[in-house]
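Just so you know, ligand 1 is whichever comes first in the structure, and atom 1 is the first atom listed for that ligand. Any value given below was found using the heavy atoms of this structure, including those in side chains, with hydrogens, waters and symmetry copies removed.
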Amino acid sequence: METKTKFELRLAGRMSRLGTETAFEVLNRARVLEKQGREIIHLEIGEPDFATPSNVVEAAVDALYMGWTHYGPSAGLPDLRKEIAEYIGRTRNVPVSPDEVVVVPGGKPIIFFTVLAFVDEWDEVIYPNPGFPIYESMVNYVGGKAVPIPLREERDFALDVKELASLITDRTKLIILNSPHNPTGGVLTRREIEQVAAAIGDRNIMVLSDEIYSRLIFEGEHFSIMSVPGLKDRTILLDGFSKTYAMTGWRMGYGVMRPDLAAHVTRLMTNSNSCTASFTQVAGIHALSGDQTPVEKMCAEFKTRRDAFVAGLNRIKGFSCRMPKGAFYVFPNITKTGWPSKKLAEALLEQAGVACLSGTAFGAFGEGYLRFSVANSLENLNKALEWIEDWVGKNLL
Ligand SMILES: Cc1ncc(COP(=O)(O)O)c(C=O)c1O
């Protein structure tokens, strides 16, 4: 970017290690193309295309009029922490008390705070690759060593527990799990999670369990490592409202962790955000305690779209796609096109008008794949399939 000042930016060295989320860059590029008059189908960004349920919106509006417009406690409103404790206790089958809950603006800050709280220079963090890019970015930022555990298609993108065990060293401070998984849609089974827990054994290693897609599961059931006996006090469970209730722009998520750690994470909140917006939290209570039908409907709709989109991709020459079991992403293998992922994603955006992400936006082990979000109408998904097929017919055969 051009600057008009004579003062050079003397940034801290760590800034050069901070990564980003390509989805936002691709979205910006797609918007530029749209401004030029091009029609683009957006399958790049990871957010539900549904409206936030109306009972939640109404609760927020009422809360604004009722004066929930001031600072609140850094750890979150007591009533919301209680509601979350009950919800997690019920769904993960573990006793959770409100002082084990910290409410934060979105799920992301729990990643940020966990890494800040635990990772010193050269401490090792094992994280899924391909995986949500913020894990690696944050570990690098604080000077830790990001150790990838590859997720492979032939295992349905579940991690290989033997390989995980071989990566654990005396310097391993944190292991990051994410199920249902972004970008592959893979879901870890109860058995796989129990095996991960067994591989960790009695070591003093913390687990950040990113469960932001816990309610978007199409086959099987969600299982948390927090539910494994003996693991609760080493687990930081991340969940939130963004994906479950189509509330990405509201910025509200939470971490569940032992109370002594919750006190430290609360201090990080005091130092960074002070608190999560108060009226948003009041709406959060209604989201968790109110009618859950919108969540079920949204999940059923994602499943219909997933089925249609995966079937469509598998008809396109050079593409082959497994059926993801959760989240709202599909992750086709494109190696038979002969194109590298990034180049193909760029060509699909620029030439075919379909915005998607290169698998490499999620780490080096994403090479050979693309990520499409099915958070778009069936009509647009079908149109995208047509445009891709048309482009492939003209350019790859
Ligand atoms: C795996 C994963 N974790 C965390 C987040 C962050 O969610 P939020 O928008 O609530 O910060 C995302 C968002 O895309 C995600 O995919």
Side-chain angles (χ1 to χ4, degrees), residues 19-27 42-50 52 56 76 80 84 102-115 125 127-139 149 151 157 159 174-188 207-217 222 224-225 236-256 265 268-269 272-273 276-277 280-281 283-284 287-288 295 302 324-331 356-357 359 361-363 366 371-375:
T20 186
E21 223 187 313
T22 314
F24 290 101
E25 285 160 22
V26 174
L27 176 66
H42 290 274
L43 306 182
E44 76 279 40
I45 205 88
E47 67 172 342
D49 54 320
F50 297 92
T52 303
V56 181
L80 178 59
I84 293 169
V102 186
V103 182
V104 294
K108 255 183 192 169
I110 291 297
I111 303 171
F112 205 101
F113 295 157
T114 300
V115 172
V125 179
Y127 72 101
N129 189 323
F132 190 47
I134 301 307
Y135 308 142
E136 190 181 342
S137 164
M138 279 308 304
V139 175
I149 169 91
L151 303 186
F157 298 109
L159 52 80
L174 181 68
I175 294 176
I176 301 177
L177 300 178
N178 173 216
S179 174
H181 182 248
N182 176 10
T184 65
V187 172
L188 291 171
V207 179
L208 171 60
S209 183
D210 185 341
E211 304 178 18
I212 197 93
Y213 297 100
S214 60
R215 298 279 291 277
L216 296 170
I217 286 213
H222 178 67
S224 171
I225 195 160
I236 300 126
L237 185 154
L238 179 166
D239 205 337
F241 296 80
S242 301
K243 318 285 174 174
T244 305
Y245 298 100
M247 289 173 70
T248 46
W250 293 62
R251 308 313 301 140
M252 184 166 49
Y254 51 86
V256 179
V265 171
L268 284 164
M269 265 299 282
S272 53
N273 300 282
T276 306
T280 308
Q281 293 188 64
L288 282 174
V295 182
F302 283 138
K325 295 192 176 75
F328 40 71
Y329 307 112
V330 300
F331 201 62
C356 65
L357 300 183
F362 302 91
R371 190 197 80 171
F372 294 90
S373 156
V374 294

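- Considering backbone and side-chain atoms together, Lys108 places an N or O closer than 3.5 Å to an N or O of ligand 1.
- Interatomic distance, Thr184 OG1 to Lys325 NZ, rounded to the nearest 0.5 Å: 9.5 Å.
- Remark: among candidates Pro180, Gly107, Pro128, the nearest residue to atom 8 (P) of ligand 1 is Gly107, based on non-hydrogen atoms.
- When non-hydrogen atoms are compared, ligand 1 lies under 4.0 Å from the side chain of Tyr213 (C-beta onward) but not from its backbone.
- Aromatic ring centres of Phe132 and Tyr213: separated by at least 6.0 Å.
- Considering backbone and side-chain atoms alike, Thr248 places every N or O at 3.5 Å or more from each N or O of ligand 1.
- With His181 contributing its side chain and Ala327 its backbone, the two residues share no donor-acceptor pair below 3.5 Å.
- Using modelled atom types, one side-chain atom of Arg371 and one backbone atom of Glu44 make a donor-acceptor pair closer than 3.5 Å.
- Formation of a donor-acceptor pair under 3.5 Å by the Lys243 side chain with backbone atoms of Gly46 is found in this model.
- Protein heavy atom closest to atom 1 (C) of ligand 1, with residue, atom name and distance, is Asp210 OD2, 3.3 Å.
- With hydrogens left out, the protein atom closest to atom 12 (C) of ligand 1 is Phe132 CZ, 3.4 Å, a heavy atom.
- Between Tyr135 and ligand 1 there is a heavy-atom distance shorter than 4.0 Å.
- At least one heavy atom of Lys243 sits less than 4.0 Å from an atom of ligand 1.
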Step by step, would you call Met269 with Val104 a side-chain contact (heavy atoms from CB on, under 4.5 Å)? CA-CA 7 Å; Met269 265 299 282; Val104 294; 3.7 Å; yes
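- The part of Asn178 lying near ligand 1 is the side chain, judged by heavy-atom distances below 4.0 Å.
- Residue Arg251 touches ligand 1 through its side chain alone, judged by heavy-atom distances below 4.0 Å.
- At a threshold of 4.5 Å between non-hydrogen side-chain atoms, the residues Phe113 and Ser272 count as touching.
- Here the OG1-CZ distance, from Thr276 to Phe241, works out to 10.0 Å after rounding to the nearest 0.5 Å.
- Near Gly106, meaning under 4.0 Å from any of its heavy atoms, are these atoms of ligand 1: 10 (O), 11 (O).
- When only interatomic distances are considered, the shortest N/O to N/O separation between Ser242 and ligand 1 falls below 3.5 Å.
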